[in-house]
Protein chains: 2
Amino acid sequence: MPQNRSMSPSPTPPSGPEGPALGLRERKKAKTKAEIQRQALRLFSEQGYAETSVEQIAAAAEVSPSTFFRYYPTKDDVVLADFMDARTMQLMIDAPADLRPLAALRHAVVQSMTSLSAEDLALESLRNQLIRTVPELRRGLIAEMTRPIGLLAHALEQRLGREPGDPDVRMYAAAAVGALLTVAEPGEEVAHAIPDVEAMMQRLDAAITRLERMLVLPEAERSTQ
Amino acid sequence: MPQNRSMSPSPTPPSGPEGPALGLRERKKAKTKAEIQRQALRLFSEQGYAETSVEQIAAAAEVSPSTFFRYYPTKDDVVLADFMDARTMQLMIDAPADLRPLAALRHAVVQSMTSLSAEDLALESLRNQLIRTVPELRRGLIAEMTRPIGLLAHALEQRLGREPGDPDVRMYAAAAVGALLTVAEPGEEVAHAIPDVEAMMQRLDAAITRLERMLVLPEAERSTQ
DNA sequence: CTAGAAAATAAGAGTAACCCTCAAAATCTC
DNA sequence: GAGATTTTGAGGGTTACTCTTATTTTCTAG
């Protein structure tokens with residue numbers, strides 16, 4: 001297990017493969033934040049989302065409730081944070097140039113997933129299950145839609161050399177995110193004990209295939225200059 | 001003013017143009033619900049959304065807080081309720097058969113708007129302004145996306161004779177709603193004192209025109225039967 | 001018109017997510 | 001090691017929302 005989270009704070013920063021030599025303060029913050037999320041996800045899956053109070057989470061993570069709210073402004077955020085984050089979008093920007101937009105998105109998601117440690121992958125899986133099963137969280141995820149739309153639009157602008165703020169790109173991103181988000185529905189195969197990443201990727205593939213048949217980004221208008 | 005809301009409960013039901021002869025109980029309920037919304041919107045526009053408590057609204061509408069929550073399960077709902085309701089979707093189903101999907105949607109919205117009394121139109125306008133300006137409400141509207149998606153998908157199935165539950169139709173609806181919802185952005189012309197319906201329709205037209213260029217519903221697959 | 005069923009309301013106590021402020025503790029800098 | 005800065009803890013306050021119970025209002029029969 002090469003991941004060094006949640007254990008002894010080595011006096012000399014270990015700075016793994018990609019650690020840009022954080023100071024002690026930064027490392028502690030990251031550790032606290034991760035620990036809060038770990039405990040929260042554990043409690044949620046054990047006793048349910050609504051049945052777990054922030055106070056309990058804080059106690060389990062050995063911090064005060066106010067500290068909880070400093071790291072996660074809302075209770076939702078402890079599950080929803082970092083969904084479709086800037087890192088993944090950078091992967092999309094850097095994806096092979098010949099990939100169509102949604103193929104590039106898929107590429108980025110795959111890259112992002114495979115870069116996770118086994119431990120983080122398990123957490124990710126848990127997060128996904130919670131989002132799919134707890135209506136409150138599904139709503140929260142959808143409510144946050146505008147953020148991923150902005151990120152996706154930005155990535156598309158970069159990849160395709162479009163004008164910043166191109167309304168076609170923005171609307172394309174909005175349609176895509178809207179269509180893909182609602183795929184994560186509680187649908188049929190709810191009873192899975194551990195919904196693995198395979199299943200998630202299969203759903204994503206199917207959705208992207210379907211979406212590419214109906215959604216096409218128009219060519220850039222020939223600007224006057 | 002042919003609208004008979006909020007005044008003397010006529011002993012004999014007046015049953016206006018479309019009143020299906022409600023009993024006294026039903027009429028009173030409708031009146032109470034409308035009055036709560038009226039007062040809520042008034043207070044929100046006067047002192048702000050967050051600054052207005054449910055207790056205040058209940059007091060202004062002369063009901064108890066518990067009654068408020070019986071009619072509107074959340075504070076959001078007093079603004080967001082009935083957005084893209086079943087009535088509008090029926091108008092879409094009944095729209096001229098030669099209209100393309102999004103044109104039919106536009107048709108339904110226009111029909112729905114023009115059927116409103118001046119008073120209701122003013123309320124509608126206020127609602128729109130609130131949704132556009134209060135971030136909390138914008139989030140709430142987006143979070144509710146799955147409901148209008150379902151309604152739109154159903155209407156499309158009816159109009160186009162598609163199989164119930166056709167995944168293409170569903171995804172098309174999701175993409176359309178996602179794209180159109182995020183159009184209602186606080187954008188440029190925020191400073192409008194009274195954002196009239198004209199402006200709203202213009203935005204909708206522009207958005208639909210743009211969307212039709214990039215989103216196309218695939219033909220139904222030839223089923224085996 | 002009145003008795004009793006059914007529904008709507010009010011009142012009140014309780015929970016929990018957040019917000020704010022202030023003092024104590026930890027970390028950084030020199 | 002001293003002082004500036006940041007993070008944390010503690011505690012009090014607000015308010016959306018829930019649940020329970022008693023009272024009032026409307027409906028329905030006879």
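Only a predicted model underlies this, so the values are computations on that prediction, with no experimental measurement involved. So that the names make sense, note that chain A is the first sequence line, chain B the second, and so on, each numbered from 1. Atoms considered below: every heavy atom in the structure, side chains included; atoms not considered: hydrogens, waters and symmetry mates.
The nucleotide whose nearest atom lies closest to any side-chain atom of B:V63 is, among D:dT18, C:dA10, C:dC18, C:dA10. Counting only heavy atoms from C-beta on, B:S53 has its side chain closest to D:dA16 among C:dA8, D:dG9, D:dA16.
A:F69 places its CZ atom 13 Å from the C1' atom of C:dC20, with the value rounded to the nearest Å. Atom P of nucleotide C:dA8 and atom NZ of B:K33 are separated by 12 Å, given to the nearest angstrom. Between the P atom of D:dA16 and the CG atom of B:L43 lies a distance of 12 Å, rounded to the nearest Å. Nucleotide C:dA8 holds its P atom 13 Å from the CD1 atom of B:I36, rounded to whole Å. Rounded to a whole Å, the CD atom of B:E26 is 17 Å from the P atom of C:dA6. If you take CZ of B:F68 and C1' of D:dT18, they are 15 Å apart, rounded to a whole angstrom. As a whole-Å value, the separation of B:E35 CD from C:dT9 P is 13 Å. Counting to the nearest Å, the C1' atom of D:dC17 and the CD atom of B:E55 are 13 Å from each other.
Positionally, the nearest nucleotide of DNA chain D for B:D76 lies more toward the 5' end than for the other of B:D76 and B:R25.
Close to C:dA8, at under 4.0 Å from its OP1 or OP2, lies no side-chain N or O of B:Y71. For the OP1/OP2 pair of C:dA26 and a distance below 4.0 Å, the side-chain nitrogens and oxygens of A:K28 include no atom meeting the criterion. For the OP1/OP2 pair of D:dT7 and a distance below 4.0 Å, the side-chain nitrogens and oxygens of A:R70 include no atom meeting the criterion. Contact check, B:T67 against C:dA10: a side-chain N or O comes under 4.0 Å of OP1 or OP2. For A:K75, no side-chain nitrogen or oxygen approaches OP1 or OP2 of C:dA16 to under 4.0 Å.
B:Q202 and B:E198 form no side-chain donor-acceptor contact under 3.5 Å, judged by distance and modelled atom types alone. Side-chain N/O atoms of A:Q39 and A:R42 include a donor and acceptor closer than 3.5 Å.
None of A:F83, A:F69, A:Y72 except one satisfies the side chain to side chain contact (heavy atoms under 4.5 Å, CB included) rule with A:D77; the exception is A:Y72. Shown are B:M84, B:E144, B:M145; of these, the side chain to side chain contact (heavy atoms under 4.5 Å, CB included) with B:L181 is made only by B:M145.
Within 4.0 Å (heavy atoms only), B:P65 reaches no atom of the nucleic acid at all.
The nearest pair of heavy atoms linking B:V78 to B:F44 is CG1-CE1, 3.6 Å.
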